[in-house]
Number of protein chains: 2
Amino acid sequence: MAKLQKSIDKRNALIKATIELVNNNGFHATPMSKIAKMANVSPATIYLYFENKQDLVNKTYIEVKAEYTKYAFATYKDSMSVEDGFKLIWQRIADFKLKECENAMFLAQCDNTPMIDEESRQEGIKHLQPLLDLWERGKQEGIIKPLSDYLLYAYAINPLSFLMIIQKRGVFQLDKTHLEEAYQAAWNSIKVSL
Amino acid sequence: MAKLQKSIDKRNALIKATIELVNNNGFHATPMSKIAKMANVSPATIYLYFENKQDLVNKTYIEVKAEYTKYAFATYKDSMSVEDGFKLIWQRIADFKLKECENAMFLAQCDNTPMIDEESRQEGIKHLQPLLDLWERGKQEGIIKPLSDYLLYAYAINPLSFLMIIQKRGVFQLDKTHLEEAYQAAWNSIKVSL
DNA sequence: AAAAAAAGAATGAACGTTCATTTTTACGTA
DNA sequence: TACGTAAAAATGAACGTTCATTCTTTTTTT
């Protein structure tokens, strides 16, 4: 067990270093040697845990995406009303993007560049299913507009990525008030108008 | 004139090649040699037009951003009502993102990665002033919610980037109906509720 | 014919990955 | 428990390639 434990620690250190360095420098400007150094490991050791650099970044993406969605849906129950469920998930996502900023920034970069293999991208999308199910329910109950899932995501969820990024760049500070406003904007854009 | 003309053609070819290659491969996976080849030019020639690779990509960003905002505000007049003005600008931006997809994808990549110098990023932001002025007017007239410009942008404009990207990836097709729905979602999220 | 522009080849540095070796771990035996 | 040993894990150095940039020469322009 001690053996296995140690390995997992190294693997985690490598993934953490990858996230931090790629956030600051981008994928191709992040050499394996620097990742190794930050993880306190020899460059050669990386290849005991990952096939190559592409595999390292693919796996990092999938792990972070899984973490993100796990957090987002952690306290959600099918028994909640659509409105309550959406608000909860939205707030959890906002929470994640602000608290786990490094992780969320990494995801944003992956989602907006050719950094990740298409296969890994698909894999990452699967984790969003609970949200799609909630929307389906909302549409059936006539609470959420009958829009495509992509449009709903674009207006209800994705704006948080933009806010996170400019917050990280220091021009904007998202406080409690802003968050409530942002939630209202999100909900107004997808709820059925009276 | 013929001399100067020829130079501008080469410069444009270099910028076009940069956009296309960076879109498909990312900044650091785009060698100067390939940019040169695509522009039908020797690698050494690039250095007659740009200081180095970073300068090439910075200048490309600023030029494309200027093109984007020029298109967005081309038919807008201060004399328009806030609602009409916003709708017009929104539609022009949507139009640009769908028609000039390559250019818009390039901007999205620049805005979500450490690819561009901070200085060039600032330079690019300046071009958005007419939109900020419109919002200011809308707030004063009590038509647009008194939210920060960043929040307004996140909900009214930025979702279009998300839609463009997934459209480019082929999972989603933005048609006339979708566009009208998207506009309504945008407007609902920022307009003052009755 | 001088100056400017462009070209291809050359250079040196940096990178991903592999290789040969050392260190650590796991475990059967005394 | 202590030891010896084979396997596993980890390492630093080395390899071959790629790339941004520069240098020297050629071509084009004026």
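Numbered from 1 within each chain, the chains take letters A, B, ... in sequence-line order. These values consider heavy atoms only, across backbone and side chains, with no hydrogens, waters or symmetry-generated copies.
- A salt bridge links A:Glu102 with A:Lys168; the closest basic N to acidic carboxylate O contact falls under 4.0 Å.
- Formation of a donor-acceptor pair under 3.5 Å by the A:Asp55 side chain with backbone atoms of A:Phe50 is not found in this model.
- Taking every heavy atom of residues 27-48 of chain B and every atom of DNA chain C, pairs under 4.0 Å involve B:Val41, B:Ser42, B:Ala44, B:Thr45, B:Leu48, by number.
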> Can B:Lys191 and B:Asn188 be said to form a side-chain hydrogen bond (donor to acceptor under 3.5 Å, both in side chains), step by step?
Replying inline: CA-CA 6 Å; B:Lys191 75 157 192 258; B:Asn188 283 338; 2.9 Å; yes

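- Every residue two or more places apart in sequence or in another chain that forms a side-chain contact (heavy atoms from CB on, under 4.5 Å) with A:Ser189 is listed here: A:Tyr155, B:Ala185, B:Ser189.
- For the helix from C:dA1-D:dT30 to C:dA30-D:dT1, the end axes, each set by the C1' atoms of five terminal pairs, are bent relative to each other by 10° (nearest 10°).
- Look at CG on B:Leu56: it is 15 Å from C1' on D:dC19, rounded to the nearest Å.
- Proximity of a side-chain donor or acceptor of B:Asn58 to a complementary backbone N or O of B:Asp117 within less than 3.5 Å is detected.
- By the 4.0 Å N-to-carboxylate-O rule, B:Glu118 lies close enough to B:Arg121 to be salt-bridged with it.
- No donor-acceptor pair closer than 3.5 Å links the side chain of B:Lys97 to the backbone N or O of B:Leu163.
- We find that CG of B:Asp9 is positioned 15 Å from C1' of C:dA5, with the value rounded to whole Å.
- The shortest distance between the side-chain N/O atoms of B:Lys10 and the OP1/OP2 oxygens of C:dA6 is below 4.0 Å.
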> So A:Tyr61 and A:Asp111, side-chain hydrogen bond (donor to acceptor under 3.5 Å, both in side chains) or not? Walk me through it.
Replying inline: CA-CA 10 Å; A:Tyr61 173 74; A:Asp111 289 333; 3.0 Å; yes

